[in-house]
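What follows is a set of notes on a single structure, which appears directly below.
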Amino acid sequence: MTDDVAVITQTLEQVAERVGDPMTLVFQRLFREMPEVEPLFVQDKDALVRGQMFQVTVESLLDFLGDRSYGASLVQIERMNHQGLGVETKIFDRFYLILMDTFRDILGTDWTPETDAVWTRVVRELTGIG
Ligand code: HEM
């Protein structure tokens, strides 16, 4: 678990070194892969909601690694909140895959087999997909 946190944290640092804030790239990929969700963000002209969502996605990933008891975790809470917004769990969970794929593209050869193994396993454990 500690190693997982270290690898994920290192990825986040490397991504920040390369591109600064990757939020725009993550949402570009989301809207390319799932154009049907883009209209949900039309009100978000200043990207504040997207920024907050991106930040909480990362926090919830780290929260999941820290506390796999799951029941009370941030991921679980946001999953339920999003059902209320009309975002089904399957769609919600895909955001973690989109995050991972965006980071993989950004890091290129710095995305090592170890990085890939940890991210793939963690995202699979969190979402059951991938
Ligand atoms: C493709 C998957 C997802 C879609 C389509 C989606 C959609 C949305 C939408 C439409 C809103 C704005 C709600 C509003 O207008 O009040 C929102 C807000 C938010 N989402 Fe997501 N979401 C997704 C995945 C996630 C994930 C994985 C997380 C992290 C756990 C997350 C965290 C948040 C947070 C924290 C907000 C509130 C931001 C704020 O209003 O301050 N979302 N989401």
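Both counts, for ligands and for their atoms, begin at 1 and track the order of listing.
- Residue-ligand proximity: Val75 is placed with every non-hydrogen atom at 4.0 Å or more from ligand 1.
- The proximity of Thr57 to ligand 1, defined as any non-hydrogen pair under 4.0 Å, involves the side chain as well as the backbone.
- Scanning all protein heavy atoms for the shortest distance to atom 7 (C) of ligand 1 gives Phe41 CZ, 3.4 Å.
- Atom 1 (C) of ligand 1 has Ile91 O, 3.4 Å as its closest protein atom, hydrogens excluded (heavy atom only).
- Taking the six-membered ring where tryptophan is involved, the planes of Phe54 and Phe103 are perpendicular, since the angle between them exceeds 60° and thus also 30°.
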Next item on the list: Test side chain to side chain donor-acceptor pair (under 3.5 Å) on Gln83 and Thr89 and set out the steps.
Entry: CA-CA 7 Å; Gln83 276 182 357; Thr89 296; 2.9 Å; yes
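- For atom 22 (N) of ligand 1, the nearest protein heavy atom lies closer than 4.0 Å.
- Under a 4.0 Å criterion applied to the non-hydrogen atoms of Tyr96, ligand 1 contributes the atoms 27 (C), 29 (C), 30 (C).
- The side chain of Val87, and not its backbone, has at least one atom closer than 4.0 Å to an atom of ligand 1 (non-hydrogen atoms only; side chain from C-beta on).
- For atom 33 (C) of ligand 1, the closest non-hydrogen atom of the protein is Met53 CG, 3.0 Å.
- One finds the CZ atom of Arg50 at 15.0 Å from the CD atom of Gln55 (value rounded to the nearest 0.5 Å).
- Counting non-hydrogen atoms of neighbouring residues, nucleotides and ligands closer than 6.0 angstrom, the CD atom of Glu36 exceeds 12 such neighbours.
- Shortest contact from atom 10 (C) of ligand 1 to any protein heavy atom: Leu40 CB, 3.5 Å.
- Ranking protein heavy atoms by distance to atom 26 (C) of ligand 1, first place goes to Phe92 CE1, 3.2 Å.
- The ligand atoms of ligand 1 that sit less than 4.0 angstrom from a heavy atom of Val37 are 5 (C).
- Residues Val26 and Ile91 fall within the same hydrophobic cluster, defined by Ile, Leu, Val, Met, Phe, Trp and Tyr side chains chained together at heavy-atom separations under 4.5 Å.
- Nearest protein neighbour of atom 37 (C) of ligand 1, counting heavy atoms only, is Gln52 CG, 4.2 Å.
- Residue contacts with ligand 1 for Asp93 are absent, since no atom lies close enough (heavy atoms, distance under 4.0 Å).
- Counting protein heavy atoms only, atom 16 (O) of ligand 1 is closest to Leu85 CD2, 4.3 Å.
- For His82, the heavy-atom gap to ligand 1 drops under 4.0 angstrom.
- Here the heavy atom of the protein found nearest to atom 12 (C) of ligand 1 is Val49 CG1, 3.5 Å.
- Cluster annotation: Phe92 and Met34 are assigned to the same hydrophobic cluster (Ile/Leu/Val/Met/Phe/Trp/Tyr, side-chain heavy-atom contacts under 4.5 Å, transitive).
- In plain terms, the two heavy atoms of Arg29 and Asp105 that are nearest each other are NH1-OD2, 2.7 Å.
- Under the 4.5 Å side-chain heavy-atom criterion for Ile, Leu, Val, Met, Phe, Trp and Tyr, Leu12 and Leu74 are members of distinct hydrophobic clusters.
- Under a 3.5 Å cut-off, the side chain of Asp63 and the backbone N or O of Ser73 do not form any donor-acceptor pair.
- The shortest distance between side-chain heavy atoms of Leu85 and Asn81 does not fall below 4.5 Å.
- Annotation: Phe41 is in aromatic contact with Phe27 [ring centroid separation under 6.0 Å].
- Heavy atoms of Leu30 found under 4.0 angstrom from ligand 1 belong exclusively to the side chain.
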